[in-house]
Amino acid sequence: MRNRLCLLWVLYAGCSGPPDDSSTPVDLTDEPLRELAQSLGRRMGSVVNPLIEPDPAFEPNLLREFDLIIPGNAFKPKNIHPHLDTFDFSLTDEMMDFASEHGLELHGHTLTWGKASSLPAWLTSRTDWTRPELIAVLENHIATVVGRYRGRVFAWDVVNEAFCDPAYEANCVVTAGEDGGMDGSFWYQGIGPDFIEIALEAARRADPDAMLYVNDNGWELNGSPKASKLYAYVSDLVTRGVPIDGVGIQMHWGMTMADLALPSPEWQLRLEEAAASLRANLQRFNDLGLDVRVTELDVALPDGPPCSSEQDLARQAEVFVLALRTCFEARRCPSFNLWGFTDKYSWIPEARPGYGCATIMDSNYVPKPAYHEMKTWLRSRL
Ligand code: XIL
């Protein structure tokens, strides 16, 4: 089938261990997540990756539960821009057609990301780029990619992971008087901190109607160094009229808030504190006139087998509901996007060895407590 999605990571499955056949599959007579979210005027999204082998269960589950997709890797410059003068749109066109055919919104991820792993070698291996040359490369990349999907990709992560907390991230450039900083990798080094507004302006020129986002991780807590830096930077953009529509909050919990889903005597208390802090944080960005989207939520647990203890799964469910509640209770948080909905294709076991089980369904598409609890909360709001 032309638009069939295929999975790049078919070679490794999320949670190791025997399949868990003790739970029940999704109840098909029940309203799916997307319908419940739509009743509240919001959307439910998931990351997707392209397939090398058909997985007959992936597509029906995706289409039943979600009305928005984020291609996980296809739009990254390394994949879409293999040579200075060549673009490869085969995968992104396929995903765009898939989204259009099924009435899904497609959130483009990502136009600018300084990490070498997202950038093509022709760009990073040359060391004598001048600033004007790099600006031209960046503007051409954005004009070409955004221009091709003008009117179709409704929102872009124009910039990804440009901010940092010096306590946790290498390469963090901190300005005097501030605690958080800017990630000093490729675009920052070559162009300077204004690469962000150059990118935003280029995206606006290429599609005046697309929503433009700055996306980052680890800024969940209000007053954390990274959140403060992001807020100061973005407020300045807004004040100066630089085109920006919102900020994305990744929420790789278990990664950036490492212990939130794990047992501890003060767990419930920390959960409540985290909820209050997150709420205040989203609110102050909304107060700037910006949307906030949850863009990449997953909640990693210590890996099994079996997948995880009942207590861990119950805590994981509380964390998913906390995130959902905070987003959907915020004035402007139009979509809640998961970085995968089945452990079968979650990136966590590879990115964080010893952890897994980070999504709302197990490797056999059996829903976990997180799935059921999210639905219970959504129903309670109708
Ligand atoms: C991850 C993908 O899911 C992996 O397949 C890839 O190997 C590395 O990148 N933050 C982001 C995403 O913005 O682009 C990352 O995606 C996960 C962390």
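Both backbone and side-chain heavy atoms feed into the values below; hydrogens, waters and symmetry mates do not. Whatever order the structure lists ligands and atoms in, that order sets their numbers, starting from 1.
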Quiz item: Are His81 and Phe87 near enough that their ring centres are under 6.0 Å apart?
Solution: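 Judged by ring-centre distance (under 6.0 Å), His81 and Phe87 do meet the cut-off.
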Quiz item: Which one holds for Asn73 and ligand 1: side chain close, backbone close, both close, or neither close, with close meaning a heavy atom under 4.0 Å?
Solution: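 Side chain only; the backbone of Asn73 stays clear of ligand 1.
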Quiz item: With a 4.0 Å heavy-atom cut-off (strictly under), which part of Asn49 contacts ligand 1: side chain, backbone, both or neither?
Solution: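 Under 4.0 Å from ligand 1, Asn49 contributes no heavy atoms.
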Quiz item: Does Arg284 make a cation-pi contact with Tyr231 (under 6.0 Å, within 45 degrees of the axis)?
Solution: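 Arg284 over Tyr231 ring: yes.
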Distance filter under 4.0 Å to [X] heavy atoms, resulting ligand 1 atoms:
X	result
Gln250	10 (N), 11 (C), 13 (O), 18 (C)
Asn160	11 (C), 13 (O)
Glu161	10 (N), 11 (C), 13 (O), 18 (C)
His252	10 (N), 17 (C), 18 (C)

Quiz item: Can you get from Leu278 to Phe320 by hopping between Ile, Leu, Val, Met, Phe, Trp and Tyr side chains that sit under 4.5 Å apart?
Solution: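 Per the 4.5 Å side-chain linkage, Leu278 and Phe320 are co-clustered.
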Quiz item: Considering distance alone, does some N or O of Trp339 sit under 3.5 Å from an N or O of ligand 1?
Solution: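 Yes, Trp339 has an N/O under 3.5 Å of an N/O on ligand 1.
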Exercise. Indicate the ring-plane relationship of Phe66 and Phe341, choosing parallel, tilted or perpendicular according to the 30° and 60° boundaries.
Key: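 Aromatic pair Phe66/Phe341 classed tilted.
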Quiz item: Does a salt bridge link Asp55 with Lys344, judged by any charged N lying under 4.0 Å from a carboxylate O?
Solution: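 Salt bridge between Asp55 and Lys344, a charged N being under 4.0 Å from a carboxylate O: yes.
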Exercise. Determine the minimum heavy-atom distance between Met182 and Pro193, stating which atoms define it.
Key: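 Distance-wise, the nearest heavy atoms are SD-CB, 3.7 Å.
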Quiz item: Shortest non-hydrogen contact from Trp377 to Leu324?
Solution: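 Nearest heavy atoms, Trp377 then Leu324: CE3-CD2, 3.8 Å.
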Exercise. Answer yes or no for Glu350: is there a heavy-atom contact with ligand 1 below 4.0 Å?
Key: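 It does not; every heavy atom stays at 4.0 Å or beyond.
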Exercise. May I ask which of Glu296, His109, Lys76 has a heavy atom nearer to atom 18 (C) of ligand 1 than the others do?
Key: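 Nearest option to atom 18 (C) of ligand 1, by heavy atoms: Glu296.
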